[in-house]
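Naming: A, B, ... by sequence-line order, numbering from 1 per chain. Please read these numbers as outputs of a predicted model, since none were measured by experiment. Values below: all heavy atoms of this structure, side chains included; hydrogens, waters and symmetry mates excluded.
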2 protein chains.
Amino acid sequence: MTEKIDLKKYIRNIPDWPKPDILFRDITPLLADRKAFSAAVDAFCALSNGKNIDYVAAIDARGFIFGSAVAIRLGAGFIPIRKKGKLPFTAESEAYELEYGQAVLEIHADAVKKGSNVLMIDDLLATGGTMAASCRLIEKIGGNIAGIIFLIELLSLKGKEKLKNYDARSIITFE
Amino acid sequence: MTEKIDLKKYIRNIPDWPKPDILFRDITPLLADRKAFSAAVDAFCALSNGKNIDYVAAIDARGFIFGSAVAIRLGAGFIPIRKKGKLPFTAESEAYELEYGQAVLEIHADAVKKGSNVLMIDDLLATGGTMAASCRLIEKIGGNIAGIIFLIELLSLKGKEKLKNYDARSIITFE
């Protein structure tokens with residue numbers, strides 16, 4: 001078993017990035033520390049406990065880092081949800097709101113078997129728009145959302161309200 | 001132990017993508033199959049055998065999928081090498097040639113401890129320019145390239161010539 005590690009200590013705070021008055025939570029020190037990274041992947045797996053997971057789906061690009069490692073630990077397949085224009089086969093798409101305008105996420109239309117259980121993973125829950133669009137994509141192609149897990153949740157942005165139809169959990173929270 | 005799996009059977013060929021006369025090798029069927037994905041990660045780990053790996057570094061974004069899973073299996077830290085403008089802390093950068101123009105990759109300046117051993121991972125070796133730039137980044141910040149492993153190597157593009165100073169290996173080859 002992994003020793004108890006305070007994962008928050010490995011998150012670096014970057015003021016005013018990517019723009020003024022934003023405090024960015026940088027996960028790269030956590031990833032670089034072999035014990036902290038392993039403990040974080042353990043924490044994702046522990047929160048998925050009791051669910052029968054066929055696939056882990058994660059969002060381009062930082063989401064891939066935890067999503068694929070969790071898929072390997074759980075013995076599940078891995079489904080990449082990508083920014084528009086990156087997937088080569090027939091894809092479904094969903095738009096989500098940004099501060100100014102929209103962005104589009106895509107998934108391969110044949111990515112999951114109908115009725116299979118999909119665990120959704122991303123590094124950060126902010127407003128929840130990206131994850132809500134990702135869940136719609138999985139449902140559109142016939143998958144069942146078994147749960148959603150984030151490494152970090154920014155509580156003040158109330159992202160869980162957009163995900164209230166799902167079992168959404170987070171490992172670390174900041175106000 | 002994983003049963004013997006022919007990983008090539010899980011690569012989907014997409015003609016004329018992203019543009020005419022390119023045959024794209026789509027790894028998403030391999031990722032989605034839990035046994036094939038696990039066998040591929042096993043194959044990366046087997047090719048890294050005998051090296052003392054402190055970190056696995058991988059390239060934004062598909063490289064993250066194998067890189068983080070291999071890091072977890074090997075008990076190493078994970079270092080993301082990102083496209084320009086994505087990293088929030090002090091970063092080093094390296095340009096590499098595209099068919100038309102240049103692109104830039106970045107790494108956090110404090111990403112590795114000096115003298116540590118870094119295993120480089122990406123999904124595809126084409127011309128080798130992206131990986132050569134990534135190796136320069138690791139060396140610039142004081143890391144030692146312990147080896148390079150690709151899931152797929154496109155032999156006709158002779159990418160290993162750009163990586164001849166390193167121990168570069170691949171799991172699957174196509175002409």
Review point. So do B:Leu74 and A:Arg34 actually touch side chain to side chain, heavy atoms under 4.5 Å?
Key: no
Study note, to complete from the structure: Applying a strict 4.5 Å limit to non-hydrogen atoms, the region of A:Asp110 in contact with chain B is side chain
**Study point:** Distance in Å, A:Tyr55 OH paired with B:Leu31 CG, rounded so as to fall on 0.5 Å steps
**Key:** 12.0 Å
**Study point:** Contacting moiety of A:Pro80, where chain B heavy atoms sit under 4.5 Å
**Key:** side chain
Exercise for review: Kindly give the heavy-atom pair with the smallest separation between B:Ala71 and A:Phe37, and that separation in Å.
Suggested key: CB-CE2, 4.0 Å
Check your understanding: Would one find more than 12 heavy atoms of other residues, nucleotides or ligands at under 6.0 Å from atom NZ of A:Lys140?
Key -> yes
Study note, to complete from the structure: Rounded to the nearest 0.5 angstrom, the CG-CD1 distance for B:Asp60 and A:Ile65 is 8.5 Å
Practice item. Using the rule that two of Ile, Leu, Val, Met, Phe, Trp, Tyr join whenever any of their side-chain heavy atoms come within less than 4.5 Å, decide whether A:Leu125 and A:Tyr96 are in one cluster. Key: yes
Review point. Can you tell me if NZ on A:Lys84 sees more than 12 non-hydrogen neighbours from other groups inside 6.0 Å?
Key: no
Review point. Can you say whether A:Ile53 sits under 4.5 Å from chain B via the side chain, the backbone, both, or neither, judging by heavy atoms?
Key: backbone
Review point. Is there a path of hydrophobic side-chain contacts, each under 4.5 Å between heavy atoms of I, L, V, M, F, W or Y residues, that connects A:Ile152 with A:Leu47?
Key: yes
Review point. Hey, quick one: are B:Val56 and B:Phe66 part of the same hydrophobic cluster, counting side-chain heavy atoms closer than 4.5 Å, chains of contacts allowed?
Key: yes
Review point. Which pair of heavy atoms, one from A:Ile72 and one from B:Ser38, lies closest together, and at what distance?
Key: CD1-CA, 3.8 Å
Review point. NZ of B:Lys158: more than 12 outside heavy atoms within 6.0 angstrom?
Key: no
Point to revise | Closest approach of B:Trp17 to A:Lys86 (non-hydrogen atoms, all atoms of both residues) | key: CH2-O, 3.3 Å
Check your understanding: Between B:Asp33, B:Val41, B:Asp54, which residue shows the highest count of heavy-atom pairs closer than 4.5 Å to chain A?
Key -> B:Asp54
**Study point:** Same apolar cluster: B:Ile121 and B:Phe78, side chain cutoff 4.5 Å
**Key:** yes
Review point. Under a single-linkage definition using a 4.5 Å side-chain heavy-atom cutoff for Ile, Leu, Val, Met, Phe, Trp and Tyr, are A:Ile81 and B:Ile27 assigned to the same hydrophobic cluster?
Key: no
Practice item. Would you name the heavy atoms of A:Ala69 and B:Ser68 that are closest together and state the gap between them? Key: N-OG, 3.9 Å
**Study point:** Among the listed options B:Ala76, B:Pro88, B:Ala111, the residue most often paired with chain A at heavy-atom distances under 4.5 Å
**Key:** B:Pro88
Check your understanding: How about A:Lys113: does its NZ atom have over 12 heavy atoms from other parts shown lying under 6.0 Å from it?
Key -> no
Study note, to complete from the structure: Turns out that what part of A:Phe24 lies under 4.5 Å from chain B's heavy atoms comes down to side chain
**Study point:** Spacing of B:Leu87 atom CG and A:Thr28 atom OG1 [to the nearest 0.5 Å]
**Key:** 7.0 Å
Practice item. Answer with side chain, backbone, both or neither: which region of A:Ile14 has an atom nearer than 4.5 Å to a non-hydrogen atom of chain B? Key: side chain
Point to revise | Region of A:Ala32 in contact with chain B, defined by heavy-atom distances below 4.5 Å | key: both
